Every structure is written in structure tokens, then in C-alpha cells.
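Accompanying notes for the structure given below.
Treat the numbers as computed from the prediction; the structure is a model and nothing was measured. These numbers come from the heavy atoms of this one structure, side chains and all, not from hydrogens, waters or symmetry mates. Numbers for residues simply follow the sequence, beginning at 1.
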Amino acid sequence: MKKRNSLNNQGFLLLTVIVLIMALTVIVIGFMSISVSQITSSQSIIDSIKAGEEAKGFAYRYHAGRLSNTAMPFLSAGISEVSDEKTFTSSITIQTSAAPNQTDRYRVTTTY
């Protein structure tokens, strides 16, 4: 009779270990999926910051060209730069006003 009781305890222990392994597996998979989604959202934030910096650099090139009265061939074609295997393409739209001081309104668009 004593042998049967010890065998039942071993079966119960095996069942408990299997249930704990399954529960821990579910918890680990949950943490891994949260980690992957955080990496993906972090990468999109990094890309938007890079796109903003590319747009600023394009605007600075435009202003430097205007101040030095040099030809700016990048105005018609735009600029493409590769960073971390992504291509960032910047283009500019210029509207010159007819006011006496001929001010420019421009919009820099950067896509990736």
C-alpha cells in the first residue's frame, strides 16, 4: 500500500512540473512579444527623427545656396541618402512671393 502512495505522489509531482513549465513558457512568450513590439516602435521613432534631421539639413543647404548665390542642382532632383539600409529622400517645394522683399515659402518633404 505504501508503494502505491509514493507512485501517486511522483505522478502528481510530474504533472505539477509540466503545468509549471507550460505556464512559464506562456509568460516568456508574452515578454518576448512585448520586447519585439517595443523594438519595432523604437525603430519607427528613430526613423522619424532621422527624417527630421534630413529635412533640416536640406533646408540648411537651400539657405546656404541662396546666401552664396550658387547653383542648386538638388532643387529639381532632391537628395537621397542611405542610413541603416533605409533610403531617405528629401525634396523641396518653393513658393516665391511677389512682395517687394521677395520672400520664399518652402516645404521640405522627407520620405523613407
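Between the Ser35 side chain and the Phe31 main chain, no donor and acceptor come within less than 3.5 Å of each other.
Nearest approach of Ala55 to Thr110, heavy atoms of both residues: CB-OG1, 3.5 Å.
The hydrophobic cluster containing Ile45, built from Ile/Leu/Val/Met/Phe/Trp/Tyr side-chain heavy atoms closer than 4.5 Å, also comprises Ile49. Grouped by direct or indirect side-chain proximity (heavy atoms under 4.5 Å, Ile/Leu/Val/Met/Phe/Trp/Tyr only), Tyr112 sits with Phe88.
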Scan the side chains in residues 20-30 for donor-acceptor partners under 3.5 Å anywhere in the protein, sequence neighbours excluded, and list what turns up.
residue: Thr25; atom: OG1; partner: Ile21; partner atom: O; Å: 2.7

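Rounding to the nearest 0.5 Å gives a distance of 10.0 Å between OG of Ser83 and CD1 of Ile46. Between the OH atom of Tyr60 and the CG atom of Leu67 there is a distance of 13.0 Å, given to the nearest 0.5 Å. In this structure, the separation between OG1 on Thr109 and CD on Glu54 is 13.5 Å, given to the nearest 0.5 Å. Note that CD1 of Ile79 and OH of Tyr62 are 13.5 Å apart. Values are rounded to the nearest 0.5 Å.
Partners of Thr111 according to the side-chain hydrogen bond (donor to acceptor under 3.5 Å, both in side chains) rule, which considers only residues two or more places apart in sequence or in another chain, do not exist here. Scanning for side-chain hydrogen bond (donor to acceptor under 3.5 Å, both in side chains) contacts around Ser91 gives an empty result, with sequence neighbours left out. The side-chain contact (heavy atoms from CB on, under 4.5 Å) check on Ala59 picks up Tyr106, Val108, with sequence neighbours excluded.
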Passes side chain to side chain contact (heavy atoms under 4.5 Å, CB included), Lys86 versus Asp47? Steps please.
-> CA-CA 9 Å; Lys86 288 191 179 182; Asp47 289 342; 2.3 Å; yes

Show your reasoning for whether salt bridge (charged side-chain N to carboxylate O under 4.0 Å, His left out) applies to Glu81 and Arg61.
-> CA-CA 14 Å; Glu81 295 188 21; Arg61 287 182 189 179; 3.3 Å; yes

Could you give me the CA-CA distance, side-chain angles and deciding distance for Lys50 and Glu53, then say whether salt bridge (charged side-chain N to carboxylate O under 4.0 Å, His left out) is met?
-> CA-CA 5 Å; Lys50 284 182 182 180; Glu53 292 301 315; over 6 Å; no

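Side chain to side chain, Ser80 and Thr89 meet the donor-acceptor criterion of an N or O pair below 3.5 Å.
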